[in-house]
Amino acid sequence: MADARSEPDADKLAQGGNRIMALYSVAAPVNERAEVWSRLRSNPLFGAAAGLAARVIQIGSTLALVPILLSHLGSEQFAVWLAASSLMGAFSFIDLGIGSGLVNHIAVSKGAYNTARTYLSNALVALTLFSVVSTTVVCLTFFSNRTGSSFVHFQGTGAWEAFFVTCLTLCIVSPLSLVWKIRLGLGETAIQSTWDAFASLATFCAIVVSLQFNAGIVAVVASFCAVPLAVHCLNGTLLLRRRPDLKPSLSLTSAGKLATVLKSGAPFLLVNAINAISFSFDSVLALHLLDAEQAAQFGVAQKMAIAVQTLLSIGLTPFWPQFRAATAEQNARGACGLLVSAFSLALLIAGSVSTVTLLFGDDVTRFWTRGRISLPNDLIIGVAIWIPVFAVNAVLTSLMSVPSLLPMHLKLASLSGICCFVAKVALAKTLGGVGLFWGNSFGLCAFFIVPASFVIARDLLRMQRRKGG
């Protein structure tokens with residue numbers, strides 16, 4: 001009887017084992033694909049490529065909008081749209097530097113996000129309070145303008161309303177700016193880039209639809225602002241649903257923690273402000289130091305350089321959290337590998353663009369301006385040299401955003417910013433527009449690139465010695 005019962009039991013066990021093996025054979029390829037995707041997603045080079053692709057889509061949609069907007073709005077309202085949309089460049093400042101501190105916290109969490117969640121909760125409260133206060137100020141300014149008692153005035157039909165919509169959007173989106181910093185810290189730059197590309201295409205479609213209904217400049221600007229805002233909301237909602245371990249909670253906030261969060265963001269805010277003042281207002285200097293023709297030539301050359309600078313900054317951003325994680329683990333070998341990869345990518349892009357600029361810079365300018373502006377050879381050479389200098393600077397700036405190097409980063413950024421300004425003013429008076437590029441190149445090389453390279457090399461050597469000891 002025992003043998004009779006054991007045979008069916010053996011058959012059942014065999015059948016159960018076969019089912020398990022069958023399930024494993026189905027699940028194994030799925031798990032393998034998920035693992036490959038996870039490794040690929042966390043690769044900074046893949047994130048850089050995705051970021052560059054998203055930026056190209058954004059630039060392409062913007063360029064495609066220009067002739068459409070001009071034909072529908074006319075020169076006056078098109079100028080209003082340009083000015084209002086340019087305010088969105090302040091997006092890098094609206095997180096008050098707090099988002100950069102969040103990236104550093106998430107990058108070293110290793111899956112245990114308690115500290116990062118606490119930081120995120122307090123950061124969200126701080127930026128929400130900032131959003132409420134700034135929104136109130138913007139609304140009061142708008143309504144005082146309607147009554148004629150405001151000190152701010154704009155010319156052009158719908159100009160004030162367009163600027164009001166843009167400023168209001170910036171105020172509201174301030175807490176949502178943390179979403180892409182969370183993804184950056186998690187190594188999900190490629191996913192964030194997909195959202196950015198989707199926002200660019202959706203914005204393009206929304207603006208075209210508003211133009212087809214002849215809705216006016218205010219509706220066009222509202223479309224330009226509202227669509228990215230909605231995409232940020234959707235992106236953040238899906239992110240926190242997938243990562244409940246990062247979901248903010250009011251129970252984790254306190255006045256002391258809010259003060260700590262604001263203090264940790266202050267150095268990043270200062271560095272961003274210094275870099276913006278140092279390099280984004282050169283066209284204003286050109287208007288004061290050069291004649292009209294030279295200022296126009298420099299303005300066109302600067303637009304070309306800024307486009308490349310933006311691509312470089314976006315492409316190098318994914319290396320920052322990876323470098324932060326490597327330095328936190330005292331992994332000198334991994335940190336050096338990231339440093340080499342970042343420099344290789346930056347110099348590849350910069351070298352290619354500089355070569356194209358030297359060979360075809362004047363032809364591209366003539367085509368772009370329809371023959372109205374031509375760049376002199378010395379200005380073309382100045383741009384071609386400035387682009388690799390900025391590329392090296394972008395690598396060092398990105399990697400020096402880790403906490404151990406941030407105090408030195410702030411000091412060197414301040415010193416190089418002052419020296420760049422002095423050198424630009426002195427050289428522009430003698431060399432013309434190219435003097436502004438040479439001043440930036442000299443100031444960065446002498447007072448940021450060289451000392452920053454020394455600081456990073458010193459820290460990596462110390463790290464290697466401690467690891468070896």
### Message
Between Gln192 and Leu184, is the side-chain contact (heavy atoms from CB on, under 4.5 Å) condition met? List the steps.
### Response
CA-CA 8 Å; Gln192 180 59 41; Leu184 176 60; over 6 Å; no
#### Entry: Ile456 vs Met400, side-chain contact (heavy atoms from CB on, under 4.5 Å): CA-CA, chis, key distance, verdict
CA-CA 8 Å; Ile456 291 178; Met400 288 192 74; 3.8 Å; yes
Give me the atom names and distance for the closest heavy-atom approach of [X] to [Y].
X: Ser374; Y: Arg366; result: OG-NH2, 3.2 Å
X: Val165; Y: Ala222; result: CG1-CA, 3.8 Å
X: Ser193; Y: Ala54; result: O-CB, 3.3 Å
X: Leu312; Y: Ala346; result: CD2-O, 3.8 Å
X: Phe204; Y: Ser61; result: CD1-O, 3.7 Å
X: Ser416; Y: Gly443; result: CB-O, 4.0 Å

Qualifying residues under side-chain contact (heavy atoms from CB on, under 4.5 Å), relative to [X], sequence neighbours excluded:
X: Val392; answer: Phe343, Leu347, Leu396, Ile449
X: Thr118; answer: Asn122, Leu252, Lys257
X: Ser264; answer: Tyr119

Quick one about [Y] and [X] (side-chain donor to acceptor, distance below 3.5 Å, no hydrogens or angles considered), yes or no?
X: Asp362; Y: Asn377; answer: no
X: Trp180; Y: Asp196; answer: no
X: Gln309; Y: Trp386; answer: yes

Going from [atom1] on [X] to [atom2] on [Y], what distance comes out if it is rounded to the nearest 0.5 angstrom?
X: Phe447; Y: Ile418; atom1: CZ; atom2: CD1; value: 10.5 Å
X: Thr128; Y: Ile172; atom1: OG1; atom2: CD1; value: 12.0 Å
X: Leu399; Y: Trp320; atom1: CG; atom2: CH2; value: 11.0 Å
X: Phe130; Y: Asp95; atom1: CZ; atom2: CG; value: 9.5 Å
X: Ile306; Y: Gln302; atom1: CD1; atom2: CD; value: 4.0 Å
X: Thr327; Y: Gln322; atom1: OG1; atom2: CD; value: 11.0 Å

Side-chain heavy-atom pair [X], [Y] within 4.5 angstrom cut-off:
X: Met304; Y: Thr365; result: yes
X: Phe213; Y: Val209; result: yes
X: Val364; Y: Thr357; result: no
X: Cys139; Y: Leu168; result: yes
X: Ile106; Y: Pro321; result: no
X: Leu234; Y: Trp195; result: yes
X: Thr169; Y: Phe224; result: no
X: Val383; Y: Leu358; result: no

Can you tell me if [X] uses its side chain to pair, donor with acceptor, with the backbone of [Y] under 3.5 Å?
X: Thr430; Y: Leu427; result: yes
X: Ser223; Y: Ile207; result: no
X: Ser131; Y: Leu127; result: no
X: Asn440; Y: Phe421; result: no
X: Ser174; Y: Cys171; result: no

### Task
Test Leu201 against Ile57 for side-chain contact (heavy atoms from CB on, under 4.5 Å), laying out the working first.
CA-CA 8 Å; Leu201 296 175; Ile57 292 174; 3.9 Å; yes
### CA sep, side-chain torsions, deciding dist, call: Arg183, Leu239, side-chain contact (heavy atoms from CB on, under 4.5 Å)
CA-CA 8 Å; Arg183 289 205 182 274; Leu239 172 63; 3.6 Å; yes
### Query
Yes or no on ring-ring contact (aromatic ring centres under 6.0 Å, His included) for Phe448 and His409, after CA distance, side-chain angles and deciding distance?
CA-CA 9 Å; Phe448 186 84; His409 185 184; 5.7 Å; yes
